[in-house]
Structure formats: structure tokens, C-alpha cells
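Working notes, beginning with the structure itself.
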Amino acid sequence: MDGDASDVEDDNFEWNTEDELEINDFSLPSRSSLTLPNGEAVGEASSSAGPSNCKLIDHFIGMGFSKKMVAKAIQENGEENTDSILEALLTYSALESSPQRQHHNDSDHCSLECEGSFLDDFSDIDSCSDNEKIMNTEFDEEEKLSSLVNMGYTVDEASLAIDRCGVDSSLVELTDFICAAQMANVADAQLSELPLEVQPKLKHSYSEYAKHKKRKLSDYEMWTKNNQNGFEKRLLHDDDETIRLPNPMIGFGVPTEPCSTIHRTLPEAAVGPPFFYYENVALAPKGVWTTISRFLYDVEPEFVDSKYFCAAARKRGYVHNLPIQDRFPLLPFPPQTIHEALPLTRKWWPSWDRRTKLNCLQTCIGSAKLTERIRKALEDYDCEPPLSVQKYVLDKCRQWNLVWVGRNKVAPLEADEVEMLLGFPRNHTRGGGISRTDRYKSLGNSFQIDTVAYHLSVLKDMFPGGINLLSLFSGIGGAEVALHRLGIPLKNVVSVEISEANRNILRCWWEETNQRGNLIDLADVQQLNGDRLEQLMSSIGGFDLVVGGSPCNNLAGSNRLHRDGLEGKESALFFDYFRILDLVKCIMTKAQ
DNA sequence: TTAATTATGAATACGTAG
DNA sequence: CTACGTATTCATAATTAA
């Protein structure tokens, strides 16, 4: 279907360790949160080489796990990989023994089930038919239901899955069904209620999903083959295929370091129309960017730090299918140092604070108590404080982006200063009933305009008459502002944003800037189905560009509590970006 | 009720000494 | 090569104030 042949060679190599990474992704958290009694058995289990199926089952039953669990774990992980089997068993035990953790582990479990289901696809290649029998004969409907609920799925999800897949389906098939629905974030009920002519288009997303599964499968085969050949050590420790952040983080070039002689060739499936532009935090948990890139048609992410565009750092990854030659920056070039951006701080800036750039502008600011502690720590010294005090103050200043506003006085940035640093017009987020707290939050979640505009600048010559834009997770309208400042007319903009305050901000900007085009704003990406999309696209003539930065809060390092990765509650909305983009591609292709 | 304030680590990457 | 120290990070939730 797509141009597999062009990227086969590097794929084979990369996929091996991607599986490895994903296995680590769910094994590490579960291991660290467990205190199960079978610690010493790990070595024994991993060194026992490929016993027959019965022996293998007995082996784990002897360790105290139930027969059901063991069969399931073997079926999902294959009988080769005893480590993975053990990890799975420990995970199941944790889920069963601590019900209050079930919801928390829900997402982890989902990825585990998905991974297992990939392996399940070729279970007939191996000799897992024994397990299949066990699974199917010993589980009646009630047992399956309670098993699924025990695994953290809701009763509704579980019964729906049994209903759709039939009572004869294996647990793996059932969890795979639930997982597929979750991954695409399309409720099954919603799908079946849609008009018949729309369903094939929605199902296209599932076919994409299936395609990825298939590719993972073949790579898993590769991986096990290499294991048998004794290459596992090299492969396990060879992290060539882990997506590496560039150092310096300048992507395919920044205005001061153009390095624009290179010409990249996109995978065939990635070529537009439409153009697409996806953004998220660069420093996400391991494996996240590999997954994002796989879903977005294997396009290599472009990692850029906005400190090359303005006075504040902002390390972000961008996956897009835009040309990268002949980019140009917005003019005037914004202030590049703290002193240029905030001239009044210069008078009070101590010589021992050598910062010239701010750190990432976030959604929260430092407390008054903290700045008071810093003032107290400094007031005893006439000129230079001792090195230990300097270190304390500098650490806190860097951590909270504090600037010098008086003698021994530091303070967090004002909201309008953040606005300016990010490249938005003054007062863009001010007024209109938004609280100061929410203003910081909206700004902290936004694009850096100069950075994004640099990437989008190549569209100017291609669309002199303006563009139709689909903007998902619009926030305060970073994409719209960037295009406007580039002088690219906005013909029709469909903007999807959950926050009403943010929608109001964009609407106000739209009217203040006397836009000639048409702004349609929607609230929820999950409500944007193929039917509605086709309506919109037929009325405006398709989209030229699909922009979106999906929620990062489950990926960002600042999140102490719910840094759950791409399966996290909000960050999983990435799959809606993919779903909608894929629908747009499908509809555009059909209309061609 | 909303808004403001505050305390709350860890995952990850990278440099360097050994 | 590893071990260890340093630096960075689109945040959450409990509590208090208004």
C-alpha cells in the first residue's frame, strides 16, 4: 500500500529495539512498585532455556502463580522470552492484589495487552495451540468478564468487547478489541451508530493501526531470530535506533545556523496533501517519540530549542511534512538575551549570575515565599555572597525562571513578559474574564511563535491566496498567529480547543486583526468524527494544513504525579490527532 | 463559588573523572 | 567503558484567600 520498499532497510534494524523499549516501558514501573516474593527465581527463570510448553507452565505455577495467569502470560509473550513472561505475571499479580492501583495502571496495562496481542497474531507459528485451548475452554463468559474488570477495564468496556467478539474469543482477543478502541479513541457504540457510508473512513484509522501492528510483528520475528543467533547483547545495548536529540538542538536548521543544503526525502505515505505539523515536548519519556513518529508516517521528528529564536529555551519536537529549504524568520528578530528582553533587570543583575537565556516558560510561577527566602539569604552580604549561597540562589533562579527586579530581589516573570517572549502580541491573553492563573497556564502551554513561523514560512510562496487550516488543540492560537505574522492569509480556520477561555482569546484576536476569512471553533477533538469532517471539508474545499500540539502534561518532566507517557489521560489525545489527520488524508485522496 | 498560593521529585540527558 | 554529579523540565493538587 504505502512505499514500504523505500524504508525497509533501516526499519528492520530500528524495530528490533523498539520492541525492547516498549517492553521496558511497562516492565520497569511495575517492577519498581512491586514487592513480590519471587525475587530469586528471576535468574533461574531467565537461564532455563526453552523448555517444552508444559514444563514452562509448571515452572511458573511452581512459583505460585495461577494456571490462568501463566497461560495468558505465555500466550502473550511467547514461550521464548521467560523474562517477559515473568514481568507480565508480576504485573497481573500487582493488579489483582491492590485494587486501588488498578485505575492508575490502566494505561500501562493497555500497552501491555496491545503488545501481547501483536505476538498473539503469529501464535500459530509457534506452538501455542495448547494455551489457546486452555484459554477457550476454561473461561466462560462470567470468568472472562471478571478477568477483564480485574485487569482494570470497566464493566461496560468488557461486556461490550465480549458482545462484539463473541463469548468464544480468547482474553487476548478481547483485550485487543478494547485496546484498539482506546487507541483510536473511537467508542465502538459511536462507530456503529454512524451512517454506513462513513464507517469505512473511520475504519481506515483501524487499518492504519493494524498496519503498525503488522510491522511490529515482523520486527518481533526479527528480534527473536537475532536472539537465537546470539546477537541479543549487541542489539540490547545498541541504541542507534533510539531517537536521539540533536546537540545542539537546531533541527534541520535555525536562522543563525541554516545548514540548509540538506534535502530530506519523506516516506511516501507522509507526503501531502495536506501538510501537517505536529508538536510536543522534546524531553518526553523513552519511547514516546518513536511511537509518535511511527504513527505519523515514519517522519523523523525535528527537535528544536527556541533559545535559537528568542530569549527563552523551549525544547520541542516537531513532526511535519513541510519542505525545509528556503525557510525565513519573522522580522523583526525578537530580543535574544534576557537583558535585551527585560532591560530593567540589568540594573540589579549580579555579576555572578551568568544567565543570558531564560529556561523554559512553564505554566506555574515561583512563590512569593521563595523570593523572600532568597532575599533573606542575600541580605547579610555587602557585595558577593559566598559560593554556597550563590549556588542556592542560582539553582532556584534557574528552576523558577526568576529575574532581578531590585537589590537582592528576584521575581517571576509577569504574564505579559511571557507573552512577549513567546512572540504573541501584547495583551493577547489579557482581559476577557481570564484569571491571572489561567493566563500563565495558557501561555505555558503554547507555541513559540518565531520558531513555528520559521518552519511554516515555506508555505507563503505555495499559497499566495491563503490557506485552509485545521488547528487541533489550538490553545491561544499559536499557529494562527504565526501564519498571520508570516503574511499568509487565513481563508477558513477550523479550530478545536477544549478551553472556553482559550477559544475566546482566539476569537478576540481574530476580530481584532480584522481577519477576512472564516473561523469555526469546536470544543472537543473526540467529537470530531468522519461525518463532521467531511461536511466541513466539502463546504470549504479541504484543508491545506493540519496543525496540532497534543497535551504534554503526561509527558513533561515538570509533572511529578502523572508523568504516564503517551497513554496518559490527556496525552493519549495524540491518537486523536493521528486519527483526524488520517481521516483528512483519506478524504483528500478520495476527492482527488 | 473562583482565584491565588504553596509545597510537592523524578526521568532523562550529558559531561567528566576514573 | 562505567559511575557519578549537574542541569533541565508546555505540572498537580491541597490549602487558603477573596
Side-chain angles (χ1 to χ4, degrees), chain A residues 21 24-25 28-29 32-33 104 233 237-239 242-249 278-290 303-307 310 312-318 354-355 357-373 391-392 394-401 411-413 415 418-419 421-424 429 433-449 451-452 473-476 478-479 499-502 548-566 568-571 573-574:
Chain A
L21 283 174
N24 281 338
D25 270 350
L28 286 179
S32 60
S33 62
H104 183 73
K233 184 135 191 170
H237 296 287
D238 191 340
D239 51 356
T242 306
I243 291 185
R244 257 188 115 69
L245 301 174
N247 192 7
M249 196 180 281
Y278 175 81
E279 178 260 10
N280 216 319
V281 290
L283 282 66
K286 280 181 176 175
V288 165
W289 276 106
T290 308
F303 294 102
V304 182
D305 189 338
S306 290
K307 75 180 182 182
C310 69
R314 203 166 187 82
K315 300 176 182 63
R316 297 294 181 268
Y318 306 88
R354 310 219 180 257
R355 288 178 297 161
K357 298 276 188 182
L358 293 163
N359 277 338
C360 185
L361 307 169
Q362 305 199 87
T363 58
C364 299
I365 61 172
S367 69
K369 290 251 197 273
L370 174 61
T371 60
E372 174 63 4
R373 284 196 293 269
K391 176 165 169 46
Y392 166 74
L394 282 176
D395 282 349
K396 292 302 175 187
C397 285
R398 277 194 266 254
Q399 183 176 357
W400 291 102
N401 257 338
L413 296 170
V418 178
E419 223 163 49
L421 288 161
L422 289 175
F424 284 92
T429 59
I434 192 174
S435 73
R436 178 182 162 82
T437 309
D438 284 345
R439 209 178 154 197
Y440 278 113
K441 189 171 189 176
S442 292
L443 284 164
N445 282 304
S446 177
F447 289 169
Q448 206 286 323
I449 297 294
T451 311
V452 171
F473 314 103
S474 305
I476 57 177
S499 153
E500 184 185 359
N502 285 346
S550 61
C552 67
N553 53 339
N554 303 123
L555 311 177
S558 305
N559 193 337
R560 279 124 150 115
L561 300 176
H562 303 292
R563 198 184 186 185
D564 303 327
L566 208 50
K569 193 168 182 294
E570 287 83 19
S571 293
L573 290 170
F574 159 75

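Using a distance-only test at 3.5 Å, with no hydrogens or angles considered, a donor-acceptor pair links the side chain of Ser571(A) to the main chain of Pro551(A). In this structure, the side chain of Glu279(A) does not engage the main chain of Arg316(A) through any donor-acceptor pair within 3.5 Å.
Across every non-hydrogen atom of Ser442(A) and Asn502(A), the tightest pair is OG-OD1, 2.7 Å.
For the pair Ile365(A) CD1 and dT12(C) P, the computed distance is 16 Å after rounding to whole Å. For the pair Gln399(A) CD and dT8(B) P, the interatomic distance rounds to 12 Å; values are reported in whole Å. The CZ-P distance, from Arg398(A) to dA7(C), rounds to 6 Å in whole Å. Going from atom OH of Tyr440(A) over to atom P of dT6(B) covers 13 Å, rounded to whole Å. With rounding to whole Å, Phe303(A) atom CZ is found 16 Å from dT8(C) atom C1'. Between the P atom of dA14(C) and the CG atom of Leu561(A) lies a distance of 9 Å, rounded to the nearest Å. The CG-C1' distance, from Leu283(A) to dA13(B), rounds to 7 Å in whole Å. With rounding to whole Å, Lys441(A) atom NZ is found 17 Å from dT9(C) atom C1'.
dT15(C) and dG9(B) are spaced 15 Å apart, taking the P atom of each and rounding to whole Å. Annotation: dT8(B) and dT9(C) have their C1' atoms spaced 15 Å apart (nearest Å).
Contact annotation: Gln362(A) side-chain N/O to dT9(C) OP1/OP2 distance is not under 4.0 Å. Arg563(A) has no side-chain polar atom (N or O) that falls below the 4.0 Å cut-off from OP1 or OP2 of dC10(C). Contact check, Ser446(A) against dC10(C): no side-chain N or O comes under 4.0 Å of OP1 or OP2. Close to dA7(B), at under 4.0 Å from its OP1 or OP2, lies no side-chain N or O of Lys369(A). Of the side-chain N and O atoms in Asn247(A), one or more sit less than 4.0 angstrom from OP1 or OP2 of dG15(B). For dA10(B), the OP1/OP2 oxygens have no side-chain nitrogen or oxygen of Asn559(A) closer than 4.0 Å. For the pair Ser558(A) and dA11(C), the criterion of a side-chain N or O lying under 4.0 Å from OP1 or OP2 is met. When the side-chain nitrogen and oxygen atoms of Lys391(A) are compared with OP1 and OP2 of dA7(C), one or more of them lie within a distance under 4.0 Å.
Summarising the base pairing, dC10(C) is matched to no nucleotide, lacking a Watson-Crick or G-U wobble pair whose two defining distances lie under 3.5 Å.
Along DNA chain C, the nucleotide nearest Asp395(A) and the nucleotide nearest Arg316(A) are compared for position; the residue whose nucleotide lies closer to the 5' end is Asp395(A). Projected onto DNA chain B by closest heavy-atom contact, Cys364(A) and Ala284(A) fall at different nucleotides, the more 5' of which corresponds to Cys364(A).
Residue Ser550(A) is in base contact, counting any heavy-atom pair closer than 4.0 Å across all strands shown. Note on Cys360(A): only backbone sugar-phosphate atoms sit closer than 4.0 angstrom, heavy atoms only; bases stay farther off. Contacts of Arg355(A) with the nucleic acid, taken as non-hydrogen atoms under 4.0 Å apart, are absent. Note on Thr437(A): a base of the nucleic acid sits closer than 4.0 angstrom, heavy atoms only.
You'll find the side chain of Asn445(A) stays beyond 4.5 Å of the side chain of Phe473(A), heavy atoms only. Between Leu358(A) and Leu413(A) there is a side-chain heavy-atom pair separated by less than 4.5 Å. Asn401(A) has its side chain within reach of Leu361(A): a pair of non-hydrogen atoms, C-beta onward, lies under 4.5 Å apart.
Within a 6.0 Å sphere centred on CD of Glu500(A), other residues, nucleotides and ligands contribute 12 heavy atoms or fewer.
Among the nucleotides dT8(B), dA13(B), dC10(C), the one closest to the side chain of Leu245(A) is dA13(B). Minimum atom distance to the side chain of Ala368(A) is reached by dT6(B), of the listed dT12(C), dC10(C), dT6(B). With dA11(C), dC10(C), dT6(B) as the candidates, the nucleotide lying closest to the side chain of Cys552(A) is dC10(C). In this structure, the nucleotide among dA7(B), dT8(B), dC10(C) sitting nearest to the side chain of Ser367(A) is dA7(B). Set against dA4(B), dC10(C), dT12(B), the side chain of Lys286(A) has dT12(B) as its closest nucleotide.
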